[in-house]
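See structure below.
Per chain, numbering begins at 1; letters A, B, ... match sequence-line order. A quick note: this is a predicted structure, and the numbers were derived from the prediction, not measured.
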Amino acid sequence: MTDAAPALAPPASRRLTPAFLVGAALVGLHVAVGLLTLVWTPYDPAAMTGGRLAPPSLLHWAGTDRLGRDLFTEIMIGARIALAVGSGAVAIAAAIGVTVGLLAAFASRAVDDVLAATLDILIAFPTLLLAMLIVAAGDGANLGTAILAIGIAASAIVARLTRILARRVLAMDYITAARVSGTSWLGIVRIHVLPNIWPTLIVNFALQFGLAVIAEASLSYLGLGAPPPNASWGRLLQEAQATVYTAPFGAIAPGIALVSLVIGLNLFADGLRDVADPTRRRR
Amino acid sequence: MLAYVVRRTAILLVSVLIAAAVLFLLLRLLPGDPANALVSVGADADQIEAARRQVGSDLPIAAQFVRYLGQLGRFDLGASFVSGVPVLEEIGRRLTLTLPLTALAFLSAVLLALPLGILAAVKRDRWYGGLISIVSQFGVAVPVFWIGILLVTAFAVKLRLFPSSGFPPSGWRDPLTALHQLALPILTIALVMSASLIRYVRSATLDVIGSDYLRTARALGAGYGEALVRHGIRNGAVPVISILGIELASTLLGAVVVERVFSLPGLGSMLLSGIEQRDYPSVQGVLFVSTLLVLLVGFAADLTQRLVDPRLRGPSGARS
Amino acid sequence: MSLVDLAAVSFAYGRGRSVLDGVDLRIEAGRNLGIVGESGSGKTTILRLMLGLARPTAGRIAFRGEPLDPGNRPFMRGFRRAVQAVFQDPYSSLDPRQKVADIIAEPLRSLKVETDVDAAVAGALASVDLPPDTAGRYPHEFSGGQRQRIAIARAIVSRPDLVLADEVVSALDLTTRIRIVDLLKTLSEKTTLVLVSHDIGFVALLCHDLVILEKGRIVEQGPARDILSAPRHPYTRRLLASTPRLADFA
Amino acid sequence: ADGGPDAVINIGSLYEPQNLDNTAGAGQGINEAFNGNVYEALFRLDDDGKVSPSLVKDYKVSDDGLTYTFTLQPGVTFHSGDPLTSADVKWSIERVTSADSKSSRKNSLKPIAAIETPDDATVVVKLSSRSISLPYNLSYVWVINDAAKDLQSAEDGTGPYALDGWQRGAQLAIKRFDKYWGPKPENGEVVFKYFTEATALNNALLTGAVDVITSVQSPDSLAQFKDNPDFTVAEGKSTTKLLLAYNDRVAPFDNVKVRKALARAVDDKKLLEAVWGDYGTLIGSFVPPTDPWYVDLTKVDAYDPESAKALLAEAGYPDGFTFTIDTPNYDPHPLAAQFLQGELAKVGVKVNINVITANEWYTKIYKAHDFQATLQEHVNHRDIVFYGNPDFYWGYDNPKVTELIKASEEAATVDEQTEKLKEANIQIAEDAASNWLYLYPQIVVSKTSVTGYPLNGLNSQFFSYGIKKAD
Amino acid sequence: MGDLLTIDDLSIRHAGRPLVSGVSLSVTAGERLGLIGESGSGKSLTALAAIGLLPEGMTASGSVRLAGREVIGAADRDVVGLRGTAVATIFQEPLTALDPLMRIGDQIAEVARRRARRDGRSLSRAGVAAEVTALMARVALPDPARLSRAYPHEMSGGQRQRAAIAMALACRPRLLIADEPTTALDVTTQAEVLKLLETLVREENMGLLFISHDLPVVGAAVDRVVVLRAGEMVEEGTVAEVFGRPRHPYTIGLVEAARAFDRAIGAAL
Ligand SMILES: Nc1ncnc2c1ncn2[C@@H]1O[C@H](COP(=O)(O)OP(=O)(O)OP(=O)(O)O)[C@@H](O)[C@H]1O
Ligand SMILES: Nc1ncnc2c1ncn2[C@@H]1O[C@H](COP(=O)(O)OP(=O)(O)OP(=O)(O)O)[C@@H](O)[C@H]1O
Ligand SMILES: [Mg+2]
Ligand SMILES: [Mg+2]
């Protein structure tokens, strides 16, 4: 005999919203393009095939740059770089942030205060400034240092979030039950804490991904981002600034690519939150 | 509360110290010689050595650090290697631009985001509620400098409504001119910032809308709007305040980029040229002061949050 | 020999005021104990101490005569196997991300009990009257009463000698409550139970002995029958009088 | 705006000085704002490249060429009101030549052995060896009041303008000095407004916030001014050369055939077009047409990829090789590096691009010579002498050239000097010592109502006293 | 004088799923009606439908007349006037039902002020304070001066629930709806709250709709009961009838369960 199960309504939010589908499609498109550039691009990115600053045409969908290279090719490669920046930065942020956040969540009050102070500083060191510092002082700007800097800066936010989420999980009775069952702290982290905070973290990672792409663009604008010949969108935008009156399309097209990826990520994240957040399953 | 203020202040002080040390080490441990800024093509080895002596980059790092700590203890940020001007003095001068710029942008963003965010939550089923959400999505996705360039092109170059760049040398002695000059930079930061704020305000409002106390108020006769105003604003403010602290950090950052777009003589341009020149005292000073500002704002946000939310006040009120 | 002994145990959270004050308590194998008291009287705190999740600020706790020492690993392994718990909130006591089978098997895995895990889980599910297919599902698919059964299954899967239950029925409605009571009654044939509740009626159904707790002190203690028929302390009397009875209306 | 003799001229520039002392790392912006405007020297480098007397009224050179006697202009006062004396001149020159001077001009004044001041109006400079370009070199040496203090943020010069105010990061204003000894400037005040972004600078001119911009950074922004009657676009001659400097000490760049091959492999014209559209000039060596020893050498190692390949094969690299270009991170270097990468690929040479900061350039390349090749722009007038220094960063070491350059300085006449340097110039080009890509254009854009500004901006100077604004 | 609340054939649906169907009941002045049923049987939804505050996305059909006015299908602004005058509601969880950031005294005062405004009475600041003190005394909150300055989290569960009742009383409603007002309390506090409700309803001649799943509790609070199961009414009658001679198997089960607890204590007595 069993108790009458209250017919739990399938949580309304589990439906895939149109916004989520749009987001997933945009992100998917960028990923596909990024992968495609590994094996094929319309032109050799270094080949100076068109005239200087040619307007969009059938041959060059987004026109050409000052060296007569195909802009569409560069924008496609930009997708790959954006994805590299985003995933690299998020991976770094996740590795550092989740570890520190978990330590802080478990830490005693005194240790926690020190960690909290450290996190405060990391948050107070504005992401971009920190990145600039490292890139500017580093041994030659390259994509790697930019990614590292952005990742470290983002790790503060991830750590803070992890700490809050983990604390919430640690207050649950099932953690007490696990302790009573003899599960070690490491086991508790692995079996209970991580799986429960993961969905929310993933959502945050998607947002951080977008922020990293924007941060890279801003760094490039300040001349501190991914150096050439990396065709990062930020650098394309920065270069196009000088020619914005003669070849406005060069300033618009990379911008559209960037905005569409970031919006895609945000929509995707919002949708993911509704699908994945376990706290939304219970009313 | 008092105990909390004491503890929080202690954390603040520790943070400031760590920040100072980290800044110093980051700058010194990475390659680059500030002496290079003082020499030009044609200089010989003796001249380069002289430049190193002048800026102190010939000393061991430990000695430089001790000197730096000694200076900090005297509230002295040193003098710029390239201009010789005391950094604190220069920062003070630049802050008269950056601080109002950030504060006004911040204020405009909040004033813009509050009504729009609440509207987006309350009227989420209407077309305009949805529109606000979508537009704020765009705002979050667009880099600051792009918006800045767009605004300049439209309002300065095409419509000639505002100046395209710069800040009057008379500063704030003529506040109207100064404001007119800063209108576009303020708008640029405010737009970007309000986009993300709108999203936070919206979700805080949604939490309030779904709350039991709102239902209680309505059940006892309060109209929807009245209940929302009376109970929603403060309750919604609690999560938003803590976000504001973090957002301000990114506003300061936006200010750096915006100062570049609009050629404004603020803290950001001081930092950028300092980085270019490896002018350690300047870079260190600017980063230290901006970190301090954000820490102070975080401090203020935490205290405000406790003032608004009595639940956080008790002795056992653990930080969230 | 008694299972658990509390001698002059006091406890305070942090530097706060003490929430338990000189508690003397003895749990005998085979005699279910009920701990009753108002909200905030310290019932849950006693359970946490008995589970070794917190250490008393004064006094001693012993399990089978040995002092309860969370640092003593071999001892703790045996202790954890022998002493299990069930909590009040059926929603927060099950990890939403784990399958029921994994939830129930957790003590076996963590304590490295060498046994056929699947069979043990199936057995535990059977003894709490849940169908075998429950094992492959997730907690959110179950009602409050079913969740409490799963929690109980987790508590008994390692065949403990003692199960501590903190307000296990207060979140459930009446009909579900009575079924859980039936279940616990069956279980208490094999293990000893310590039940904590503010509802004296519930405790009275299952317990041989009662402890009445007021503001961290024991005000009355003894066989349930004696206390219910002749409550001596005014606080006990008030508790009894406050419990509504259907008989008064029908 | 109000024009006329008291007009305020707003000049837009990208080069804010770091401080106000041209011997202490102030950057090129200080020459723009102060040379000839606030400070004067004994001689002046005119906009057309000629050296003419300024604070010197008259001078004599001894027959052995080792003693220069300068008579100073009478009635010159500093902005502080002190009169100009020979002691000020001596002090000013010694500031540059002193042991702890960091001035880039220190080396060029090395022959100065002693300075004597027999009276207030006479300065005698004794040389240890002949120095034909002493007057030219003295044109860099500001004459400053020897009582002046804090030259990094204040001034005391003799020029037609005195410093009126400097808002760091924003602008620097200089105001007409009423007790100026020479002709009165055509305007009342000049304000240099500083920008960090070329786009912002152009917008400022478009919207009327500035009257002139001293150097346009990209041809594309010119479109909006060229066909607009409100603006004048004027092209002058610059001395700024973009070059790919090899480290001539290391293989394969120690091989002249390799250097020549790479010079032939690059279509400079196409690069110039990409960066500058229809502007700019091709050069065949390091010497711009404004230097007296200019020779048209564009035919030497002209673009010819086929012969480049052949030369490479001759040099022992039939399949090419790989090298790294260290590239400063600001425009146009990264673009040029990518262009070179594309061009050299066609002859089988693979290029890696390493982007570095200006600061790092000094540490890695200028000081440590730790590089294979680097892109760099050299802005100075008459700087062929760098090729006469084997220790210079690019490590070009041809004893014949070293000797020619040394001898040219000790020449008795300007003609002799010019002859020798022409010879050196041709030799350097034949050796393909570096790969000189092009000469920047010097484009000044102004409101049509503003006239009288210098066009060439040699050594970044921007004499402002002739600028007029119509009412 | 008509009924305070008449519900006729009420059905509530959400996303096409029926949650409540065909519920009819009525409460008149001085009458105390209980609504019982296991968790999820639709008790709370019925109460919310009665005051027109169903959660978003739910649609109600049938008829709900509150003080003679139809609630279903009416615009919110037409129902607002009824809430807080004709009817007041107390909810189950007193911690979340009170504004966590507002002092208790202010929360009570807000309701009192509104009620006065609706009556056309003008209340001075002192008048409001006096009324708050009086209300707190009515619900036997100790030390009103101190507690009125307390925040919800600074009070015990019983005190919070009393404060919630004081707010409801400040409305001087003719009908009081109490949705499981004692479920979150322990037995001693529960007994006090039940006694308080009983007295208040009797003295003010209010109608009472009392919702609970706990039979003895309902029995202590009301005269008549309606039994809900899975959104449908299964039984209705006086307390004595339904608890004494339950007819529906579901009710029989409930009563049996309650008797078992009785016996546990009673046997000892
Ligand atoms: N983590 C904690 N920190 C500080 N004080 C606590 C903590 N947990 C409980 N207390 C306090 O200890 C006292 C006893 O709490 P305990 O939870 O043991 O009571 P209880 O009898 O289980 O009550 P309930 O019936 O409400 O569960 C209470 O006054 C409570 O406020
Ligand atoms: N906001 C909602 N959205 C969807 N379904 C809901 C919502 N609120 C309640 N329900 C469903 O409506 C049914 C009745 O809920 P209701 O809250 O009326 O039950 P109840 O009898 O008050 O139970 P309890 O004793 O647990 O309070 C339940 O099946 C519940 O799952
Ligand atoms: Mg408890
Ligand atoms: Mg309910």
Side-chain angles (χ1 to χ4, degrees), chain C residues 34 36-41 43 88 90 143-145 167 169-182 185 196-207 210 213-214 223-231 234-250, chain E residues 34 36-41 43 156-158 180 182-195 212-223 225 229 237-246 250-269:
Chain C
V36 186
E38 274 178 322
S39 177
S41 55
K43 308 179 295 285
Q88 168 170 11
S143 71
E167 306 270 21
V169 297
S170 4
L172 307 176
D173 62 31
L174 203 57
T175 36
T176 321
R177 232 182 250 196
I178 199 79
R179 288 190 210 125
I180 297 288
V181 169
D182 287 340
K185 192 169 258 160
V196 153
S197 179
H198 61 80
D199 182 351
I200 212 166
F202 162 68
V203 172
L205 268 175
L206 292 165
C207 294
L210 282 188
L213 206 60
E214 188 193 17
R225 195 179 304 271
D226 300 355
I227 290 181
L228 289 173
S229 56
Y235 179 71
T236 318
R237 274 184 230 132
R238 207 171 86 225
L239 272 180
L240 272 171
S242 301
T243 309
R245 275 160 244 204
L246 195 67
D248 297 347
F249 320 106
Chain E
I36 60 177
E38 65 191 356
S39 183
S41 56
K43 307 182 294 288
S156 76
E180 313 212 26
T182 62
T183 310
L185 308 177
D186 65 26
V187 279
T188 44
T189 325
Q190 167 172 284
E192 290 162 21
V193 170
L194 287 176
K195 190 128 122 262
S212 176
H213 61 241
D214 201 337
L215 261 54
V217 169
V218 175
V222 303
D223 315 309
V225 289
R229 190 185 185 214
T238 63
V239 167
E241 282 165 13
V242 175
F243 291 177
R245 292 175 300 280
Y250 174 66
T251 325
I252 295 173
L254 284 177
V255 171
E256 291 270 286
R259 290 233 161 89
F261 286 100
D262 267 16
R263 273 195 302 277
I265 312 174
L269 280 178

Exercise. Could you give the distance from CG (Asp186(E)) to OG (Ser197(C)), rounded to the nearest 0.5 Å?
Worked result: 9.5 Å
Exercise. Can you check whether Ile200(C) reaches Val187(E) side chain to side chain, under 4.5 Å on heavy atoms?
Worked result: no
For this session: Please identify each residue that fulfils side chain to side chain donor-acceptor pair (under 3.5 Å) with Thr251(E), with sequence neighbours left out.
Result: Glu235(E)
For this session: With a 4.5 Å cut-off on heavy-atom pairs, point out which of Ser212(E), Pro216(E), Ala258(E), Ser156(E) contacts chain C the most.
Result: Pro216(E)
Seminar exercise, completed: d(Asp199(C) CG, Gln190(E) CD) to nearest 0.5 Å is 8.5 Å
For this session: Mind listing the closest non-hydrogen atom pair of Glu38(C) and Thr188(E) along with its distance?
Result: OE2-OG1, 2.7 Å
Exercise. Is a side-chain N or O of Asp262(E) found less than 3.5 angstrom from the main chain of Arg245(C), in a donor-acceptor match?
Worked result: no
Exercise. Given that the side chain runs from C-beta out, which part of Ile227(C) has a heavy atom under 4.5 Å from chain E: side chain, backbone, both or neither?
Worked result: neither
Exercise. Of the listed residues (Ala241(C), Ser242(C), Gly201(C)), which shares the most heavy-atom pairs with chain E below a 4.5 Å separation?
Worked result: Ser242(C)
Exercise. Under 3.5 Å, side chain of Asp173(C) to main-chain N/O of Ser39(E), donor-acceptor pair present?
Worked result: yes
Exercise. If you tally heavy-atom pairs under 4.5 Å against chain C, which of Gly157(E), Gly158(E), Ala220(E), Ala260(E) wins?
Worked result: Ala220(E)
Exercise. Which bit of Leu185(E) is near chain C, if near means a heavy-atom gap under 4.5 Å: side chain, backbone, both or neither?
Worked result: backbone
Seminar exercise, completed: So, the part of Val203(C) with a heavy atom under 4.5 Å from chain E: the answer is neither
Problem set entry | Largest heavy-atom contact set with chain C, pairs under 4.5 Å, which of Thr238(E), Asp214(E), Val218(E), Leu215(E) | Leu215(E)
For this session: Report yes if some heavy atom in the side chain of Leu246(C) is under 4.5 Å from a heavy atom in the side chain of Phe261(E); otherwise report no.
Result: no
Exercise. For Asp182(C), which residues count as a side chain to side chain donor-acceptor pair (under 3.5 Å) partner, sequence neighbours excluded?
Worked result: none
For this session: Calculate, to the nearest 0.5 Å, the distance between atoms CD and OG1 belonging to Glu256(E) and Thr175(C) respectively.
Result: 12.5 Å
